[in-house]
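Here is the naming used below: chain letters follow the sequence lines, and residue numbers restart at 1 for every chain. Bear in mind the structure is a predicted one, so any value in this text is a computation, not a measurement.
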2 protein chains.
Amino acid sequence: MPASAYGQLVALAREIALLTSTEALLSWDQETYMPAGALDHRARQLAYLNGKAHGLATSNAFRRLLDKAEGQTSETPYHAGNLRELRRQHERAARLPQLLVQEESAACAHAKAAWTEARRKTDFTNFAPHLQVLVDLARRKADLWGYTDEPYDALLETYERGARTRAIAELFDRLRPELAAIAQEAVARSAGRKSALPGGRYPVAKQQQLNAEIAASIGFDLDCGRIDTTAHPFCTTLGPRDVRLTTRYDERDFTSSLFGVLHEAGHGLYEQGLPPGDFGLPSGTSCSLGIHESQSRLWENHVGRSRPFWEKWLPRARELFPQLRKVRLNDFLRHLHRARYSYIRVEADEATYDLHILLRFDIERRLILGELPVAQVPEAWNAGFRELFGMTPPDAARGCLQDIHWSMGGLGYFATYTLGNLNAAQLFATARRQRRIAAGLEKADYAPLLAWLREKVHNQGGALLPGEIMANATGKPTQAQWHLKHLRARFLQNAKKS
Amino acid sequence: MPASAYGQLVALAREIALLTSTEALLSWDQETYMPAGALDHRARQLAYLNGKAHGLATSNAFRRLLDKAEGQTSETPYHAGNLRELRRQHERAARLPQLLVQEESAACAHAKAAWTEARRKTDFTNFAPHLQVLVDLARRKADLWGYTDEPYDALLETYERGARTRAIAELFDRLRPELAAIAQEAVARSAGRKSALPGGRYPVAKQQQLNAEIAASIGFDLDCGRIDTTAHPFCTTLGPRDVRLTTRYDERDFTSSLFGVLHEAGHGLYEQGLPPGDFGLPSGTSCSLGIHESQSRLWENHVGRSRPFWEKWLPRARELFPQLRKVRLNDFLRHLHRARYSYIRVEADEATYDLHILLRFDIERRLILGELPVAQVPEAWNAGFRELFGMTPPDAARGCLQDIHWSMGGLGYFATYTLGNLNAAQLFATARRQRRIAAGLEKADYAPLLAWLREKVHNQGGALLPGEIMANATGKPTQAQWHLKHLRARFLQNAKKS
């Protein structure tokens, strides 16, 4: 037993992490391999462990140690940062009754299964009662946590510390016309550009081979991680040396699984770069989703859709998929940089992606404000979609049922995707100013870039606020200009420049 | 909260099962998909949950409820059986200090990884320190549990309630000359019989297809279970509707994975046949390993190596593996019924299998008695092997490193394999006396057999003793005659009869 209050608090936080990382395995297994019949028991296991972890995080013992450690002089700013975050987590957790936590955990396990089924049958009505339960839970949580302006703030805080709904809404309002204009012109320029991707089968096993080689080449450690198959790609951390990615395969298009892997490996590199000795502590945990998404989007888009990347990897892809032999690099890049209005967010190109986010943010905010009843979500979705994209989703699977987030109780989450895009562009623009990094990028050697991200972002863990990470790394808080500049360069100039 | 002490005790037992079934997932994942780097954290998770489950099972609350429930009149014999077993489990658990339980759990996680590595490198010295730790732990546990004759009794009791080391040793001593004689003659008769299995590749994907069809056809429910790939096949239950099998694939011989699946599906049918509402209670848990192994061996050998089984399935195998088109049923059966002395237990044919068990039982017993030092295990193994098989294992991977059991702390386990063989033959001989079952067997329709096993064995759970299950089902406790009769019929008579 460590002597100091801080040391004992750390031991308790690590104990909680044993429970939450076990929950992460239960969830990962539910998504990847669990047989359908096992759902009820799985929901009970998750609710039980969740309740235990919550019980420890809100216990008198935890509070007493926190009080005591705060009363002692912090040995380092690092300790002070951990204490500040542990206090924040404790206060937030303590406001939620254990029963609510267990209720939510079980509700999510069932909602996830119901969502999968509803999406398959493209029938919103089967999912609606589950969404109602989760919206009600989210509003109850927001009330218990408290907020200044509106309840959505309290939910947003879960994913993006310090962010405020109104500020994001204002940012999105400013961005909307610019993003819409870029999208419109990009789509117009791409119109009539044919796919450069030849037909024929791209076998899953060969896609897996290529994806693993590429993930390893950007630094993802497959001895401490793996890549599985799910309906909805994700990245999850099951332990300090256990980071698991998933993707999905389309045998007509190898780039679908590949960009899924690049995106999730971006998340995975962040998780693998956290200080492993700090697992379970704020300093060993990612900072926010807006920072997390900056890592995935950076590797997926700024690296993975660049010319030097494919100068290196197209020849390898040609070895695995002979039908690519006649595809020229320029044409392939033009293919990757096509812009189209489409229904599915995760398949959207960079030029139109953020429009999907603006729509979701608006709908979620109104759901939580109580302005939009659950039953009217499909209608509101389709109306908002028409306004932004000029077309109507043909069914709910390509409309409001497409994303997994709500079924996981993840209300308040979506805005962080666009924050991530902004952060990604800002970090990448800053990093490439360094000669070694820029030289590495030119020859698809990503070790210098990764080293910079490790130092500026990954190793920082979560003891700093997102704005502090960005300011320390780039000299400025999150700004939109870099992202807009990147989109214009990629979509509105000669394709050769991108 | 249920009103009666019995009801509250049941609720507590179910809570413990939430923890132990989560441990089962952690272990399953360790064997199937976990990246190597994750080991340390996994060991900590397992030790933590194990400690929590042990804490609950030995708590004052558990004991008080047990005392109180025992003091009240049992409503049914079923309640009385559960109480008797919960008392026994509680007393045994309470004798082990929590620290020892956690120590063992972590030691096993590490030993399993060390064993995998040692077997790969065929180097016993790397595994020896781990085995020493586990033998010491086993002896400490035996001392804490107590025993009348010798410490091995206390370990055996974990796997086979009511069994005694001396009685098994006497049984094995009686069986040894008979088994050796059968093996010798069977091997002699098979000598020079060529393999009827044509060369060429048997692709894993097609093996998986056939295995899944066969598992489903004998009644294994794949909506409440699955089949994965591991170095060492096993069956594990992660919840009342979540039973997972594993096998391994040899692309030169499809029967290797298939008999692995039939064996594990036999275990799986037992688990899927336990009363699902009693999950976590003795009445919802298997009776003993000797009963469990009777189910796996029954389906693997008595069903899976029979003529009617292959009358049905050889045509299907020919569709999947064209090289089988010219193989005649008689030749294929003669191939399946070949007997050979071989080094690896799990690949041994029925005629020689039990000899592998006699060897292990003897070595384990002497290890636990302290008569055999860990360092001398390879030597003792090879000497014993020479005596029984007339040949010396060429290396440790084909000798004392071949089995996973010790690395899982499973000392006291092996004897139940031969008990399982005896029980399988006795149950099968009894069942097939019923006309409906016999008629089903002739046309490879196993529903009547499964219904009988469900009633006589699976639904019984673990509230009865193994001897009671056998006596209720067959009129007699476990006897060797049926197994010997089966081996003689299969190996020492005309192959057509088998």
Side-chain angles (χ1 to χ4, degrees), chain A residues 14-30 32-53 56 102 203-205 220-229 237-246 268 272 276-277 279-280, chain B residues 14-30 32-53 56 102 203-205 220-229 237-246 268 272 276-277 279-280:
Chain A
R14 288 190 204 281
E15 181 178 341
I16 295 168
L18 287 175
L19 286 164
T20 52
S21 61
T22 302
E23 283 177 64
L25 173 65
L26 288 162
S27 295
W28 173 86
D29 179 69
Q30 181 179 346
T32 49
Y33 297 112
M34 188 188 84
L39 179 64
D40 285 345
H41 187 69
R42 180 54 47 91
R44 276 192 288 274
Q45 290 173 307
L46 280 164
Y48 181 73
L49 292 197
N50 210 338
K52 287 289 162 199
L56 287 177
Q102 290 185 260
V204 168
F220 184 74
D221 181 355
L222 283 158
D223 285 335
C224 298
R226 41 179 296 122
I227 307 173
D228 293 277
T229 307
T237 293
L238 309 188
R241 290 161 57 82
D242 191 353
V243 177
R244 305 198 187 181
L245 321 177
T246 70
Q272 289 189 334
F279 187 77
Chain B
R14 288 190 205 279
E15 181 178 343
I16 295 169
L18 286 176
L19 286 164
T20 53
S21 60
T22 302
E23 283 176 65
L25 173 65
L26 288 162
S27 296
W28 173 85
D29 178 69
Q30 182 179 346
T32 50
Y33 296 112
M34 188 188 82
L39 178 64
D40 286 343
H41 187 70
R42 182 55 46 90
R44 276 192 288 274
Q45 290 173 308
L46 281 163
Y48 180 73
L49 292 197
N50 210 338
K52 287 289 160 198
L56 287 176
Q102 291 185 257
V204 167
F220 184 74
D221 181 356
L222 282 158
D223 285 335
C224 297
R226 41 179 296 121
I227 307 174
D228 293 276
T229 307
T237 293
L238 308 189
R241 290 163 56 83
D242 192 354
V243 177
R244 305 197 187 181
L245 321 178
T246 70
Q272 289 189 334
F279 186 76

Requested in this report: Show your reasoning for whether side chain to side chain contact (heavy atoms under 4.5 Å, CB included) applies to B/Asp29 and A/Trp28.
Outcome: CA-CA 11 Å; B/Asp29 178 69; A/Trp28 173 86; 3.5 Å; yes
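- Atom NZ in A/Lys52 sits 8.0 Å away from atom NZ in B/Lys52 (nearest 0.5 Å).
- Between A/His41 and B/Leu18, the shortest heavy-atom contact is CE1-CD2, 3.8 Å.
- Of the listed residues (B/Asp40, B/Leu26, B/Val243), the one with the most heavy-atom contacts under 4.5 Å to chain A is B/Leu26.
- In terms of non-hydrogen atom pairs under 4.5 Å with chain A, the most contact-rich of B/Asp223, B/Leu25, B/Leu19 is B/Leu25.
- Between chain B and the options A/Gly239, A/Ala36, A/Ser21, the largest number of non-hydrogen pairs under 4.5 Å is found for A/Ser21.
- Closest approach of B/Cys224 and A/Gly37 over heavy atoms only: SG-CA, 4.0 Å.
- The environment of A/Arg226 atom CZ is dense: over 12 non-hydrogen atoms of other residues, nucleotides or ligands sit within 6.0 angstrom.
- Nearest heavy-atom pair, B/Leu222 versus A/Pro35, reported as atom, atom and distance to 0.1 Å: O-CB, 4.3 Å.
- For the pair B/Met34 and A/Arg244, the tightest heavy-atom approach, listed with the atom from each and the gap, is CA-NH2, 3.3 Å.
- Looking at B/Leu39, there are no atoms closer than 4.5 Å to chain A (heavy atoms on both sides), in backbone or side chain.
- Heavy atoms closer than 4.5 Å to chain B are found in the side chain of A/Phe279, but not in its backbone.
- Residues B/Arg42 and A/Asp242 form a side-chain contact, since some pair of their non-hydrogen atoms from C-beta on lies under 4.5 Å apart.
- A distance of 9.5 Å separates OG1 of A/Thr22 from CD of B/Glu23, quoted to the nearest 0.5 Å.
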